[in-house]
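Each remark here refers to the structure printed beneath this line.
Values in this document were obtained by computation on a predicted structure and should not be read as measured data.
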Amino acid sequence: MKVLPSIAFGDFSGSAGDVTARSIGGRTILNHKAYQSKVKTPAQAVSRNTLSKVSRAYKQLTDSQMKAWGALAEHLKGISTFGKAAEMTAHNAFVRINANREMAGEGMLVDAPDYLNDIPEVDWDEIWVTPKRVLLTGIVNPTGTYKLVVKMSAGQGVGISSGWSKTVIITPGMADNWGDAALTQLYTEKIGFMPKVGDKVFIELYWLDPATGFVGETMRVTRFCISEEQAHEEGLVERMEYTLENVSPESHVSKLDMDFSTGAPAMALDSICLGHSNVASSEIYPNEKFSSDMNGFSYVLARGASEGKITAQSYQIQFVNWGEHHIMVARRGGEYVKPSEVFGTGVYYK
């Protein structure tokens, strides 16, 4: 029979089996004892292997290379290059910078990079968290080459005031898409499930320069998960986008990525058009009808490639918003050779 701490002992504290007692304000509180899991997640295993590999590589540096890393470490001591000011050795600088580069898919640096400018904080308009989406909008990338690193937690109770220890890297470095960063798929892949309405989500953001491995100041914010309806009421504007997943299989394309900017009349297209019948065009049939104001056209470049023959082409992208709603991708210039790779950014005319 297991003897448990009793509330009769007002000053009792300690553990017995799976129960822990602690005295707070004259009251004894009983809790189940928490055990730390010794199981490493795949992400933790990869991170530890990377740090171990980078650390071993430092020992292979020449004396002059180590001296250069030491000089860089001295410079980094008084600045928030890694999110906070801290003492740093040559080995610390080497490991942190190369771990960041590895995370972004870059190779290892043996020579210390030159520190030129401080990397700015992340600037954005809004972060939307609903049971169906995680979306950052209005991101301003100062150079266009920085990669956005995002860490997020699973949905927490409203009473959790500090959940930063629960954040995990959702993306080790992504490029924004016309100022937006769609994180829904990345979030579900890492966390495993979406938050529910009312949950509190902890979010950390910073820029990473893949070329040097330097990162900017970490921005910490929290968001409560709200319903899709509330998000639209508060100003969420969905950017129109078409992929193979939301068009009919009868569409004459084998690749499709078409999306529209929410801040300008511009569209971007990356597709492979197969053509149909004897007409120099292809048609795309969205699963849902266009909005009533979706009626116009744009122009992009293309290249036809078949049996080793490559030809330059131009295409008109027209949205047919009557009868059978569809997107017509019609050749307007160059020799028609199919399939055609139709790609690029164009201004959308209504």
Between Tyr187 and Met194, is any pair of side-chain heavy atoms under 4.5 Å apart? yes
Quick check: do Val201 and Phe224 have side-chain heavy atoms less than 4.5 Å from each other? no
Indicate, with yes or no, if the rings of Tyr348 and Phe319 have centres closer together than 6.0 Å. yes
Can Glu341 and Lys255 be counted as an ion pair, charged N to O under 4.0 angstrom? no
When you compare the side chains of Ser282 and His276, does any donor N or O come within less than 3.5 Å of an acceptor on the partner? no
Asn287 side chain vs Ser248 backbone, donor-acceptor pair below 3.5 Å: yes
First locate atom CD of Glu229, then atom OG1 of Thr130, and finally report the distance between them rounded to the nearest 0.5 Å. 9.0 Å
Taking C-beta and beyond as the side chain, do Thr188 and Val134 meet within less than 4.5 Å on heavy atoms? no
Hey, what do you get for OG (Ser251) to OH (Tyr242), rounding to the nearest 0.5 Å? 11.0 Å
Give a yes or no on whether the backbone of Glu241 and the side-chain of Asp259 come within a donor-acceptor separation of less than 3.5 Å. no
Angle between ring planes, His252 versus Tyr285, binned at 30° and 60°: parallel, tilted or perpendicular? perpendicular
Any donor-acceptor pair under 3.5 Å from Arg101 side chain to Ala211 backbone: yes
Going by the rule side chain to side chain donor-acceptor pair (under 3.5 Å), which residues pair with Thr89 if we only count those two or more places apart in sequence or in a different chain? Asn92
Looking only at heavy atoms, the pair that brings Ile97 and Pro113 closest together is CD1-CG, 4.2 Å
Before accepting this row, confirm whether a basic side-chain N of the pair Arg223/Glu126 lies closer than 4.0 Å to the acidic partner's carboxylate O. yes
Going hydrophobic residue to hydrophobic residue with side-chain gaps under 4.5 angstrom, can you get from Tyr299 over to Val320? no
Residue pairs passing the salt bridge (charged side-chain N to carboxylate O under 4.0 Å, His left out) test with at least one member in residues 129-146, sequence neighbours excluded, are Arg133-Glu228, Arg133-Glu238
Residue from Val342, Leu301, Val337 passing side chain to side chain contact (heavy atoms under 4.5 Å, CB included) with Gln313: Val337
So which heavy atom on Ala231 is nearest to which on Trp128, and how close? O-CZ3, 3.5 Å
For residues 147-154, which side-chain donor-acceptor pairs fall under 3.5 Å, sequence neighbours excluded?
from   : atom 1 : to     : atom 2 : distance (Å)
Ser153 : OG     : Phe202 : N      : 3.0

Would you please say whether a donor-acceptor pair under 3.5 Å links the side chains of Gln65 and Asp111? yes
Parallel, tilted or perpendicular, judged at 30° and 60°: which one describes the rings of Trp69 and Phe94? perpendicular
Note, Val329 side chain near Glu283 side chain (heavy atom, < 4.5 Å): no
Would you find more than 12 non-hydrogen atoms of other residues, nucleotides or ligands less than 6.0 Å from Glu245 atom CD? no
With rounding to the nearest 0.5 Å, note down the distance linking CD in Gln156 to NZ in Lys200. 9.5 Å
Could you pull out the closest heavy-atom pair between Asp180 and Gly138, with the gap in Å? OD1-N, 3.7 Å
May I ask whether Val110 and Tyr115 are part of the same hydrophobic cluster, defined by side-chain heavy atoms of I, L, V, M, F, W, Y residues being less than 4.5 angstrom apart, directly or through others? yes
Is there a path from Val129 to Leu236 through hydrophobic residues (I, L, V, M, F, W, Y) whose side chains come within less than 4.5 Å of each other? no
Do Ser271 and Asp257 have side-chain heavy atoms sitting under 4.5 Å apart? no
Between CG of Leu109 and OG1 of Thr212, what distance do you get to the nearest 0.5 Å? 8.0 Å
Counting N and O atoms only, with roles assigned by atom type, does the side chain of Asn246 sit under 3.5 Å from a partner on the main chain of Thr243, one being a donor and the other an acceptor? yes
Measure the SG-CZ distance between Cys273 and Arg331 for me, rounded to the nearest 0.5 Å. 13.0 Å
Name the one of Asp270, Val300, Ile272 that satisfies side chain to side chain contact (heavy atoms under 4.5 Å, CB included) with Phe343? Asp270
Let's go through Asn98 and Glu106 carefully: what are the C-alpha distance in whole Å and the side-chain angles of both, what is the deciding distance for side chain to side chain contact (heavy atoms under 4.5 Å, CB included) to 0.1 Å, and is it a yes or a no? CA-CA 9 Å; Asn98 279 302; Glu106 302 290 334; over 6 Å; no
For the residue pair Ala268 and Thr345, what are the closest heavy atoms and their distance? CB-OG1, 4.0 Å
If only atom types and distance count, is the side chain of Arg56 paired as donor or acceptor with the main-chain N or O of Lys59 below 3.5 Å? no
Main-chain N/O of Lys196 paired to Asp199 side chain as donor or acceptor, under 3.5 Å: yes
CA sep, side-chain torsions, deciding dist, call: Val54, Leu51, side chain to side chain contact (heavy atoms under 4.5 Å, CB included): CA-CA 5 Å; Val54 174; Leu51 291 175; 5.9 Å; no
For Tyr336, is there any backbone N or O sitting under 3.5 Å from a side-chain donor or acceptor partner on Ser340? no
Could you walk me through whether Glu234 and Ile226 pass the side chain to side chain contact (heavy atoms under 4.5 Å, CB included) check? CA-CA 10 Å; Glu234 294 183 3; Ile226 60 178; 3.9 Å; yes
Taking the side chain as everything from C-beta on, heavy atoms only, tell me whether Asn100 gets closer than 4.5 Å to Val215. yes
Keeping the roles fixed (side chain from Asn141, backbone from Tyr146), state whether a donor-acceptor pair exists under 3.5 Å. yes
Shortest non-hydrogen contact from Pro195 to Cys225? O-SG, 3.7 Å
Can you tell me if Glu204 and Thr167 form a side-chain donor-acceptor pair at under 3.5 Å? yes
Answer with yes or no whether the hydrophobic clustering places Ile170 together with Leu135; edges join I, L, V, M, F, W, Y residues whose side-chain heavy atoms lie under 4.5 Å apart. no
Please report the shortest heavy-atom distance between Ser227 and Pro131, naming the atom on each side. CA-CD, 4.3 Å
Treat each ILVMFWY residue as a node, draw an edge where side-chain heavy atoms are under 4.5 Å apart, and state whether Val140 and Ile127 are in one component. no
Is there a side chain to side chain contact (heavy atoms under 4.5 Å, CB included) between Met174 and Leu186 once you walk through the steps? CA-CA 11 Å; Met174 68 180 298; Leu186 295 169; 4.3 Å; yes
Just so I know, are the side chains of Ile317 and Leu269 near enough to count as touching, which here means a heavy-atom distance under 4.5 Å? yes
Could you check whether any side-chain heavy atom of Met219 comes within less than 4.5 Å of a side-chain heavy atom of Ile203, counting everything from C-beta outward? no
Rounded to the nearest 0.5 Å, how far apart are CH2 of Trp207 and OG1 of Thr218? 13.5 Å
